[in-house]
**Student:** 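A single structure is presented below for examination.
Since the model is a prediction, treat every value here as computed from it, not as a measurement.
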Amino acid sequence: MSLFLAFLGVSFVVLATPGPDTAITIRNALLGGRAGGVFTALGIASGQTIWALATSAGIVALLLASEPLFLAVKYAGAAYLVYLGVKALQEALRPSHQAEALAVAKPSRRLTAVSAFRQGLISDLGNPKMAVFFASLLPQFVPPGQESFAALLGLGAVFAVMIFTWLALYATVVAKAGNFLRRPSIRRIIEGVTGMVLIGIGIRIATEHR
């Protein structure tokens, strides 16, 4: 129980630290309302679950042992974050009349649930740091001699539920303030900041060592 409580504490610190998952969730909640943000969070949590499953099955160990495969995942994920960042900057730089039209458009028409889920899933699976994170974190909180597929997967599933709940809360807060945040001037600022953050994180992932 003490190990599990320690795992919950460490997990909360990790998920409460803003990163690409938070940025994408906030942006998609702005574009697609609460549903857009929640489906993005669901995609991210699904990605986390897949990483947990891969860690439990030993697949992540193979990924970390293969430099070419690790680099392929790293560069693909970094490129996708940069792509999303560029799209956000394009939204920020739209002509005024187009920005006003988007501001009054229904959120559901600007971002579908499928697109939101896909963005969350791909951005999470494309971040190889999650492989390192799960491979190094989960085994530390399993009692010595009791490491098993079920134990590791269980901890990973708990983390996925925690991150979904946390990001869904972000989505709800953004949706509540939707009318204010969708004002053209405010939206431009949010899109611009989000775009630069995503591009910056993508470049950092591509250039940093393991």
**Student:** Are Leu53 and Ile59 connected in a single hydrophobic cluster, I mean Ile/Leu/Val/Met/Phe/Trp/Tyr linked by side-chain heavy atoms less than 4.5 Å apart?
**Tutor:**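 No, no single cluster joins them.
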**Student:** Taking CZ in Phe7 as the centre, count heavy atoms belonging to other residues, nucleotides or ligands within less than 6.0 Å. Is the count above 12?
**Tutor:**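 Enclosed.
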**Student:** Just verifying a value: how many Å separate Ile163 CD1 and Thr49 OG1, rounded to the nearest 0.5 Å?
**Tutor:**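 Ile163 atom CD1 to Thr49 atom OG1 measures 10.0 Å (nearest 0.5 Å).
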**Student:** Report the distance from atom CG of Asn28 to atom CD of Gln119, rounding to the nearest 0.5 Å.
**Tutor:**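 With rounding to 0.5 Å, CG (Asn28) is 4.5 Å from CD (Gln119).
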**Student:** Is a side-chain N or O of Arg188 found less than 3.5 angstrom from the main chain of Ala92, in a donor-acceptor match?
**Tutor:**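 Yes, because the side chain of Arg188 sits within donor-acceptor range (under 3.5 Å) of the backbone of Ala92.
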**Student:** Working to the nearest 0.5 Å, report the span between CZ of Phe134 and CG of Leu153.
**Tutor:** 10.0 Å
**Student:** In Å, rounded to the nearest 0.5 Å, how long is the span from OH of Tyr83 to CD1 of Ile199?
**Tutor:**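 Reported to 0.5 Å precision, the distance equals 12.5 Å.
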**Student:** For Leu42, is there any backbone N or O sitting under 3.5 Å from a side-chain donor or acceptor partner on Ser46?
**Tutor:** yes
**Student:** Looking at every non-hydrogen atom in both residues, tell me the closest pair between Ala175 and Gly33 and how far apart they are.
**Tutor:**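 So the minimum-distance heavy-atom pair works out to CB-C, 4.2 Å.
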**Student:** In the structure I gave you, are the side-chain heavy atoms of Thr40 and Ile44 within less than 4.5 Å of one another anywhere?
**Tutor:** yes
**Student:** Locate the shortest heavy-atom distance separating Gly36 from Leu111; write the atom from each residue and the value.
**Tutor:**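 Taking every non-hydrogen atom into account, CA-CD2, 4.4 Å.
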**Student:** Can you tell if the side chain of Val173 reaches within under 4.5 Å of the side chain of Lys176, non-hydrogen atoms only?
**Tutor:**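 Contact flag for Val173/Lys176 side chains = no.
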**Student:** Can Phe4 and Val158 be said to form a side chain to side chain contact (heavy atoms under 4.5 Å, CB included), step by step?
**Tutor:** CA-CA 10 Å; Phe4 182 68; Val158 169; 4.3 Å; yes
**Student:** Should Ile24 and Leu125 be counted in the same cluster of Ile, Leu, Val, Met, Phe, Trp and Tyr side chains packed under 4.5 Å apart?
**Tutor:** no
**Student:** Do Tyr170 and Thr22 have side chains that approach each other closer than 4.5 Å (heavy atoms only, starting at C-beta)?
**Tutor:** yes
**Student:** Decide side chain to side chain contact (heavy atoms under 4.5 Å, CB included) for Leu89 and Glu191; before the verdict, give the C-alpha distance in whole Å, the side-chain angles of both, and the deciding distance to 0.1 Å.
**Tutor:** CA-CA 6 Å; Leu89 289 180; Glu191 290 281 15; over 6 Å; no
**Student:** Tell me whether Ile26 is reachable from Leu84 by hopping between hydrophobic residues (I, L, V, M, F, W, Y) whose side-chain heavy atoms are closer than 4.5 Å.
**Tutor:** no
**Student:** Closest heavy-atom contact between Ala41 and Ala168?
**Tutor:** CB-N, 4.0 Å
**Student:** How far apart are the closest heavy atoms of Ala206 and Tyr75, and which atoms are they?
**Tutor:** O-CE2, 3.3 Å
**Student:** Run the side chain to side chain contact (heavy atoms under 4.5 Å, CB included) check on Ser123 and Leu81 step by step: do they pass?
**Tutor:** CA-CA 7 Å; Ser123 66; Leu81 288 178; 4.1 Å; yes
**Student:** Taking all atoms of both residues into account, what is the closest heavy-atom pair of Ala52 and Gly156, and its distance?
**Tutor:**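 Closest approach of Ala52 to Gly156, heavy atoms only: CB-CA, 3.5 Å.
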**Student:** Please report the interatomic distance CZ(Phe164) to CG(Leu169), rounded to the nearest 0.5 Å.
**Tutor:** 11.0 Å
**Student:** Start with the C-alpha gap between Val82 and Ile201, add the side-chain angles, then the distance that decides, and say whether side chain to side chain contact (heavy atoms under 4.5 Å, CB included) holds.
**Tutor:** CA-CA 8 Å; Val82 171; Ile201 293 175; over 6 Å; no
**Student:** Scan Phe133, Phe141, Trp51, Trp166 and name whichever one has a ring-ring contact (aromatic ring centres under 6.0 Å, His included) with Phe159.
**Tutor:** Phe133
**Student:** If I take atom CE from residue Met130 and atom CD1 from residue Ile50, how far apart are they, to the nearest 0.5 angstrom?
**Tutor:** 12.0 Å
**Student:** State plainly whether one hydrophobic cluster holds both Ile122 and Val197, where clusters connect Ile, Leu, Val, Met, Phe, Trp and Tyr through side-chain heavy atoms under 4.5 angstrom apart.
**Tutor:**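 Yes, Ile122 connects to Val197 through the hydrophobic network.
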**Student:** Yes or no on side-chain hydrogen bond (donor to acceptor under 3.5 Å, both in side chains) for Thr194 and Arg27, after CA distance, side-chain angles and deciding distance?
**Tutor:** CA-CA 7 Å; Thr194 302; Arg27 178 174 186 266; over 6 Å; no
**Student:** What are the two closest non-hydrogen atoms of Ala78 and Gly202, and how far apart are they?
**Tutor:** CB-O, 3.1 Å
**Student:** With sequence neighbours left out, write down each residue that passes side-chain hydrogen bond (donor to acceptor under 3.5 Å, both in side chains) with Thr25, or none if nothing qualifies.
**Tutor:** none
**Student:** Tell me, please, which residues at least two apart from Asp124 pass side-chain hydrogen bond (donor to acceptor under 3.5 Å, both in side chains).
**Tutor:** Gln48
**Student:** Answer whether the closest heavy-atom distance between the side chains of Met162 and Leu8 falls below 4.5 Å.
**Tutor:**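 In contact.
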**Student:** Please examine the side chains of Asp21 and Leu15, heavy atoms only from C-beta on, and report whether any two atoms are closer than 4.5 Å.
**Tutor:** no
**Student:** Would you kindly confirm whether Val86 and Tyr80 end up in one hydrophobic cluster when ILVMFWY residues are joined by side chain heavy atoms under 4.5 Å apart?
**Tutor:**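 As far as the 4.5 Å side-chain criterion goes, Tyr80 and Val86 are not connected within one cluster.
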